Structure formats: C-alpha cells, structure tokens
Amino acid sequence: MMMGKPMKVTRDSCQDRLNMKTTTPVTLTVFLRKMLMFWDTRSLTMVVSEGRRIYRVPVFAAPFCRALLQELEHFEQSDLPKGRPNTMNNYGVLLHELGLDEPLVTPLRERFLQPLTALLYPDCGGGRLDSHRAFVVKYAPGQDRALGCHYDNAELTLNVALGKAFTGGALYFGDLFQAPAALTEPLEVEHLVGQGVLHRGGQLHGARPLGTGERWNLVVWLRASAVRNRLCPMCRREPDLVDDEGFGDGFTREEPTTVDVCALT
Ligand SMILES: O=C(O)CCC(=O)C(=O)O
Ligand SMILES: [Fe+2]
C-alpha cells in the first residue's frame with residue numbers, strides 16, 4: 001500500500017513521464033494461484049558489476065516463465081483493449097491489464113525484492129519502495145528489435161528474462177545518466193530465463209538488436225515516493241503534481257502529520 005495519495009506530474013512540467021493509457025483489467029486468479037506455486041526464491045544474488053551496482057537475482061522458475069508467456073500470448077491475441085508499456089516499446093503488455101499487478105507484482109516487490117534492495121540500494125529508496133510500474137516488453141522479427149540507450153522513470157529496476165529462444169538482445173549498461181562520461185565502456189549482460197537483473201533507474205542502459213527468435217522480459221520499475229516526491233527522476237527537479245488513480249506515477253501527496261489531541265494531556 002502507498003502511504004499517501006497517488007499523484008502524477010502535470011503533463012507540462014515533465015515531458016519525460018512516459019505516459020500510459022489505462023484499460024480494463026482482466027482477473028486471472030486461478031492462473032495466478034498455479035503460477036505462485038513455482039515461485040523460486042532459493043538461490044543467491046550475484047554481483048554483475050560492483051562499480052555500477054548491477055546484480056543478478058533468481059526470480060521465477062522455468063515452468064512459471066512458460067506459463068506466464070502462454071498467458072501473455074493469449075492476452076496479446078485477444079481483442080481486449082491494450083495500452084503500451086512505455087514510450088519506447090511498441091509491443092508488450094502492462095501487468096495491471098492482466099490483473100497481475102496486485103496479486104503478483106506487489107508481493108514480489110514487498111516480500112522478495114524490498115529486503116534485497118534495502119541492503120543493496122539504501123541511498124536510492126531501496127528500503128522505501130511503495131509502488132511500481134510493471135510491464136512485459138516483447139522483441140520479435142517485424143516488431144521492435146532493439147532498445148536505445150535510456151534511463152528509467154524509476155528509482156530501481158528489475159528486468160527478468162522470460163524467454164523464448166532467441167539470439168542477440170543483450171542488455172548493455174553505461175554510467176549513471178548524470179555522470180559526464182556516460183557510455184564510455186558499456187557492460188553487456190546476457191539474459192538467463194527466470195533470472196532478473198537489478199539496477200538503478202538512472203543507470204544508462206539499452207538492448208542490443210535481436211538476432212533471431214522472440215525475446216520477452218518482465219520489467220518492473222520500482223518506485224519510492226519518499227525519494228521521487230523531492231526529486232523527479234526524469235527531469236531532476238521538484239515535481240509539480242496533480243491527483244491520479246492507482247499508483248499514479250509513483251509520487252504521493254504527503255498528508256500533514258495529524259496530532260492526536262486526546263493523547264496530549
Ligand atoms: O529490452 C529490455 O529488456 C530492456 C527494457 C527496458 O530497459 C525498459 O523497458 O525500461
Ligand atoms: Fe529501461
């Protein structure tokens with residue numbers, strides 16, 4: 001649960017807010033109950049780059065990835081209304097439209113990721129995550145094939161490889177976008193099905209062109225209102241906010257602290 005009222009930045013105040021359309025969610029409770037049985041949290045976090053603070057974490061077991069892909073394909077083939085993940089990816093699915101945000105992504109964030117991010121990224125809101133934007137990106141011949149260098153509208157990002165079989169498409173990472181010598185020596189990171197790559201949202205990154213096959217990845221932009229309410233991660237200014245639904249853009253209106261006068265005796 002977010003602690004304050006959900007807010008987004010005003011359209012004019014931050015051009016980079018990566019706007020989204022919202023459509024009717026579909027409830028997939030039975031599917032989810034089956035999938036959660038495969039949730040695998042046993043193995044260990046691996047350091048990919050200590051300097052760039054990039055880590056690899058086991059997230060899903062292979063049967064879960066296969067079942068999730070099947071569900072995503074059914075959704076893609078349906079004529080249900082669909083928004084697109086963000087302004088850069090034209091193919092893929094917003095998890096909240098599948099009804100998987102609250103039962104899957106929120107517990108993943110709260111129970112599995114937050115204990116890790118609190119230790120790995122205490123300075124980036126890792127211990128104070130309170131919302132997310134989760135979507136699946138899809139790369140295929142004739143569709144999107146690569147992703148240009150960018151930074152995310154997130155304090156932290158988890159990117160989990162779901163499959164299928166493909167060549168190419170590696171992630172690459174440069175420096176923090178605020179750093180002057182950005183992308184001098186990019187670091188390439190391969191996709192391993194079921195495993196996630198954790199990085200700071202401000203770390204410049206992109207995806208190499210797909211060679212053959214199809215690549216699907218679950219991307220969770222992890223947000224901490226305590227951090228972004230003070231500094232918008234896109235424009236690096238104090239955000240100018242208006243009310244919004246759901247998680248909004250991860251900002252909140254902080255309620256004034258109330259004082260229990262009955263306790264003041
Ligand atoms: O193609 C990928 O897996 C990276 C996606 C990504 O960086 C994003 O959507 O923010
Ligand atoms: Fe990204």
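We number each residue from 1, following the sequence as shown. The figures that follow rest on heavy atoms only: side chains count, while hydrogens, waters and symmetry mates do not. We count ligands from 1, going down the list as the structure has it; atoms in each ligand are counted the same way. If you're wondering where the values come from, they're calculated on a predicted model, not measured in any experiment.
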Using distance alone, with no hydrogens and no angle criterion, decide if Arg215 and Asn217 have a side-chain donor and acceptor under 3.5 Å apart.
yes

Check ligand 1 for close polar pairs with the protein: N or O on both sides, less than 3.5 Å.
unit_1: ligand 1; atom_1: 1 (O); unit_2: Tyr139; atom_2: OH; d: 2.5
unit_1: ligand 1; atom_1: 1 (O); unit_2: Arg215; atom_2: NH1; d: 3.4
unit_1: ligand 1; atom_1: 1 (O); unit_2: Arg215; atom_2: NH2; d: 2.8
unit_1: ligand 1; atom_1: 3 (O); unit_2: Asn159; atom_2: ND2; d: 2.9
unit_1: ligand 1; atom_1: 3 (O); unit_2: Arg215; atom_2: NH1; d: 2.8
unit_1: ligand 1; atom_1: 7 (O); unit_2: His150; atom_2: NE2; d: 3.2
unit_1: ligand 1; atom_1: 7 (O); unit_2: His205; atom_2: NE2; d: 3.0
unit_1: ligand 1; atom_1: 10 (O); unit_2: His150; atom_2: NE2; d: 3.2
unit_1: ligand 1; atom_1: 10 (O); unit_2: Asp152; atom_2: OD1; d: 3.0
unit_1: ligand 1; atom_1: 10 (O); unit_2: Trp221; atom_2: NE1; d: 3.3

Taking only Lys NZ, Arg NE, NH1 and NH2, and the carboxylate oxygens of Asp or Glu, determine whether Asp123 and Arg53 approach each other closer than 4.0 Å.
yes

Report the name of the N/O/S atom of Asp152 located nearest to the Fe ion (ligand 2).
OD1

If we only count heavy atoms from C-beta on, is the Arg237 to Leu231 side-chain gap below 4.5 Å?
no

Short N-O contact, Glu73 and Lys164, less than 4.0 angstrom
yes

Please name the atom of His205, limited to N, O or S, that comes nearest to the Fe ion (ligand 2).
NE2

Audit row: Ser225, Phe251, side-chain contact (heavy atoms from CB on, under 4.5 Å) steps and yes/no:
CA-CA 5 Å; Ser225 62; Phe251 300 95; 5.8 Å; no

Is Arg52 close enough and on-axis enough to Phe173, meaning under 6.0 Å and within 45°, for cation-pi?
no

Arg208 to Tyr172, cation-pi by 6.0 Å centre distance and 45° axis angle:
yes

